[in-house]
Amino acid sequence: MKPTPVLVMQDICKSFPGVKALTDARLRLFPGEVHALMGQNGAGKSTLIKVLTGVESPDSGQILLKDQPIRPESVDDAQKLGISTVFQEVNLCPNLSVAENIFIGRFPMRGLAIDWKAIERDARKALLALNIDIDVTRTLSEFPVAIQQMVAIARALSTEAQVLILDEPTSSLDEDEVERLFDALRELKRKGIAILFVTHFLDQTYAISDRITVLRNGEFIGEYPAAELGRLELINTMVGRDIDEAGQAAKSASSADRPTDRPFISVQGLGAAGRMHPIDLDIYQGQVLGLGGLLGSGRTETARMLFGIDRAESGTIAIDGAPVRLNSPRKAVRQGIAFCPEDRKTEGIVADLSIRENIILALQARRGIFRYLPKRVQTAMADEYIKQLGIRTPDAEKPIGQLSGGNQQKALLARWLATEPKMLILDEPTRGIDIAAKLEIMDLVKTQCRKGLAILFISSEMSEVLRVSDRIAVLRDRQKVGEIDGKAADEQSVFRMIAGAEA
Amino acid sequence: MNLAGTINTRTLPLLVTSVLFALLFGFGSVSYDNFFSVQVFLNLLIDNAFVAVVAIGMTFVILTGGIDLSVGSIVALTTMVTAALVEQQHWSIWVVVPLVLAIGSLFGLLMGSLIHYFRMQPFIVTLGGMFLARGLCYVISIDSIAITDPTYAAISEYRISFGEEAFLSVSAIISLLTLALAIFLAQYTRFGRTVYAIGGNERSALLMGLPVGRTKILVYTLSGFCSALGGVLVTFYMLSGYGLHALGLEMDAIAAAVIGGTLLTGGVGYVAGSLVGVMILGVIQSLIAFDGSLSSWWTRIAIGVLLCAFCLMQRLLEQGGSNLGAIFSYWKKPAEGSAPAR
Ligand SMILES: Nc1ncnc2c1ncn2[C@@H]1O[C@H](COP(=O)(O)OP(=O)(O)OP(=O)(O)O)[C@@H](O)[C@H]1O
Ligand SMILES: [Mg+2]
């Protein structure tokens, strides 16, 4: 039996100055299905969702909800129509409590006053349903991105919606959390709710979706039952050309077997009480050191201490054999270290500046304001990186905030590459990036490495760590539990080490 | 609720301000005879009632991340309009007060609309409002107009006594009522929470479907209303209307809010903190008055030092707070031996 679709979007067009984000895009959602919306960075997925939820108004096209044409003017409108959304950017207020973030906009009232008791109780329940047990009265900003993302999801799940939209909800979740989210989604599916799901993780797409819609360059390419569209076919449909995942991997696996004998940076017993147990690391030029471990195992903490953002309380650091103190990012930068942070929205991009300015930013900061880079040089550099990394934009002068999420990430990477550092710390550089670009970025990491750069690579995707790393330091519960050779290692051996057995 | 649980980086500034107030008051009591009395304390409230009311309105504006520079001028305009209508036209107080409150609100509404619909900077819009309202005062009269109306005089002199030696004025009562209402508004209504959400992240507030535009306009309307109410209290206090009343009051209101723990970037702070802030400004004035040998400009110096100290404290707390957050282990550790397979 095939029911009628609950939601239909037809011939949606949307242009931004200089970009045609959507051209005759189409989408159908049936009740009780999980529908994956797939496409490369900048394909127009988020824009389609924004049109549907009243954030952007379409230039043309039609939206039908249960056969009734609708035209939401604001997120509020959309919510009232029963369309509930988790947007790609974490859209919560960091200054409010967790509970309030879940219920703001639809507070239960007691008489004239907000019923805080009920809110706290229900918020706890909503999070426990996702198996998260935290103090909901605490301020949201006290929690890491992963928890914040779960809070945003809990908010969307707890509305009584008939259509639920999730734009890359899993980008900073670990496997366990993704599984909990999927359990919750299956439950909603049973209740007949239509779910639209955007992700760049193919595994997740196939684990949960019933049907797949593919967008490319803002155009509708096709709608397929998930069971009938193979992985490789899906990738090729998204990219529009043939990509061989395995071939790329094999090529990049054999490189950099001649590290210098002395490490570029040597870390002994670096730690801080309560944050990180003392850790030893040696990073060589021309080598990639991967940090393996689950979310919360101390990967980001290690990176932040190395870059001087968080002060280490014990331990020593030597660069090229000479002891140094890295107690501020400025000092780290002066030593030739660059850091591409995990949370690009708050620590990375400057949304109102152009792509060119964002790329030049770190380089200019290092040169000091008195050695100003001529605009011509800046433009040439920006254009070079835009081409090299495949950043999808009409030109380098667009504000970076207007790029799609994945393309912002690429620009950020360009910023640090532009400083020509001696060591590059990459914290989740592939988050929110489509599959083709992921391969490109990993290739790029390899190429840079061959040029003599020392690289510390952090990713939740174990397969990525394995693919690029020459050596892997394995972390568990904020301490290092071992180190293995990247070429010899496979996922099993790393996970065994995380689990506590010797590799 | 346990005490340790309620003290965090949000409530700490409020606590520090309250302790500081107690210290200053204690210092006065030890140093000067007659300082330590209930009435000296209540006088702080009486003398600063209008500042408190204005600071409460200002707090809402600052919580959204905005600023309202027009408050002092609206106070002056209110006194001027009141004096002109009561003295020259002989209108009844029962007509004049609602009228001036409406004028103040309308003024705020207009500024809020400019800020929201035309995306203009609050600083510029309210700076314009400040000049405009101050200028309008002089259109009415260049000189001070004394209010001789008996009703005003009666309200001005009316004292509500507690026990033998302690009393409050009508203005002080009004300011306390305003505070109670404002706390309710901020903590227990959708409007209040939306104000905090906008200050936290305006774009998120929009994406969460909150009525951002309406709330922003309302916040400036509220501030306009509070300023007009402050103006009414000034007429009770001074019994005159004058274009030079409440000069620089906007800065006192901002200082009170900041000392009370409200962040200028928005989203963090408590309305009650602003009252404590006002009281601190008041107690410094009293200390200097009791001392007698210091010029009143020392008040300004003390406020200046305090402001910097408080901003510094908030900055340090912010940094300390992020470390606290890291130490706090919210995360359920993955069970030993159960490695997830990919
Ligand atoms: N506000 C805006 N102003 C100008 N251009 C925009 C704006 N929002 C999006 N775009 C452009 O529209 C195109 C589609 O962007 P969109 O965010 O929909 O991509 P996406 O498919 O969600 O990509 P990603 O996977 O990276 O999130 C991009 O080229 C982007 O630069
Ligand atoms: Mg997107």
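These numbers come from a predicted model, not from an experiment. Throughout, protein chains are lettered first and strands after them, A, B, ... in sequence-line order, and every chain is numbered starting at 1.
- Proximity to chain B involves both the backbone and the side chain of A:N101, based on heavy atoms less than 4.5 angstrom apart.
- Only the side chain of A:E100 has a heavy atom closer than 4.5 Å to any heavy atom of chain B.
- Annotation: residues 111-120 of chain B contacts chain A through no residue [non-hydrogen atoms, separation under 4.5 Å].
- Among residues 106-119 of chain A, the residues having any heavy atom closer than 4.5 Å to a heavy atom of chain B are, in sequence order, A:F107, A:M109, A:L112, A:A113, A:I114, A:W116.
- Looking at A:S84, there are no atoms closer than 4.5 Å to chain B (heavy atoms on both sides), in backbone or side chain.
- Atom CD of A:E313 is surrounded by more than 12 heavy atoms from other residues, nucleotides or ligands within 6.0 Å.
- When atom types are taken as modelled, the side chain of A:N95 and the backbone of B:G199 share no donor-acceptor pair closer than 3.5 angstrom.
- Both the backbone and the side chain of B:L207 come within less than 4.5 Å of a heavy atom of chain A.
- Put simply, the residue from A:D76, A:V75, A:T85, A:L92 that forms a side chain to side chain contact (heavy atoms under 4.5 Å, CB included) with B:M208 is A:L92.
- Heavy-atom neighbours of chain A within the stretch residues 174-190 of chain B, taken at a separation under 4.5 angstrom, comprise B:F184, B:Q187, B:Y188, B:T189, B:R190.
- For A:K80, no part sits under 4.5 Å from any heavy atom of chain B, backbone or side chain.
- The list of salt bridge (Lys or Arg N to Asp or Glu O under 4.0 Å) pairs with a residue in residues 175-189 of chain B, not counting sequence neighbours, is empty.
- Heavy atoms of A:R155 lying under 4.5 Å from chain B belong exclusively to its side chain.
- To the nearest 0.5 angstrom, A:C93 atom SG is 9.0 Å from B:I198 atom CD1.
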